[in-house]
Amino acid sequence: MATEAAECLLKLGFSSYSLNKISASFVPNNIGSKKALKKIGMHYVSTTERAFDKKELLLI
């Protein structure tokens, strides 16, 4: 289901909003998210220096 949702968002961004670039991120140990992004055609570019902070996620 996550893969289908991500694919719909990509299509919407490129077709309806004429975006020419869309980026995504995932928690490194979340293999499912990584696979879903690869499956919809996204490519790995780099890893950020800052690790994912669960406390920050909960505050948002």
Side-chain angles (χ1 to χ4, degrees):
M1 186 173 300
T3 303
E4 291 85 1
E7 190 171 32
C8 286
L9 289 172
L10 274 183
K11 288 179 183 177
L12 179 71
F14 288 128
S15 64
S16 297
Y17 294 100
S18 301
L19 300 175
N20 55 13
K21 186 176 188 179
I22 297 175
S23 64
S25 61
F26 60 92
V27 178
N29 61 354
N30 188 336
I31 304 303
S33 291
K34 182 178 181 179
K35 286 181 180 180
L37 293 173
K38 280 186 158 191
K39 191 172 181 179
I40 63 170
M42 298 196 86
H43 303 280
Y44 176 80
V45 175
S46 68
T47 301
T48 59
E49 290 182 27
R50 185 173 159 207
F52 184 80
D53 187 356
K54 290 181 183 178
K55 290 180 187 174
E56 184 176 321
L57 177 65
L58 295 173
L59 295 173
I60 294 175

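Quick note: numbers below take in every heavy atom, side chains included, and nothing from hydrogens, waters or symmetry partners.
The list of side chain to side chain donor-acceptor pair (under 3.5 Å) pairs with a residue in residues 30-39, not counting sequence neighbours, reads N30-S33. Evaluation of the side chain to side chain donor-acceptor pair (under 3.5 Å) test over residues 19-28, restricted to residues two or more places apart or in two chains, returns none.
Shown here are the side chain to side chain contact (heavy atoms under 4.5 Å, CB included) partners of E7, two or more places apart in sequence or in another chain: K11, I40. By the side-chain hydrogen bond (donor to acceptor under 3.5 Å, both in side chains) test, Y17 is found to be paired with no residue, residues two or more places apart in sequence or in another chain being considered. In terms of the side chain to side chain contact (heavy atoms under 4.5 Å, CB included) criterion, L9 has no residue partners (sequence neighbours excluded). Remark: A24 engages L37, M42 in a side chain to side chain contact (heavy atoms under 4.5 Å, CB included) (not counting sequence neighbours).
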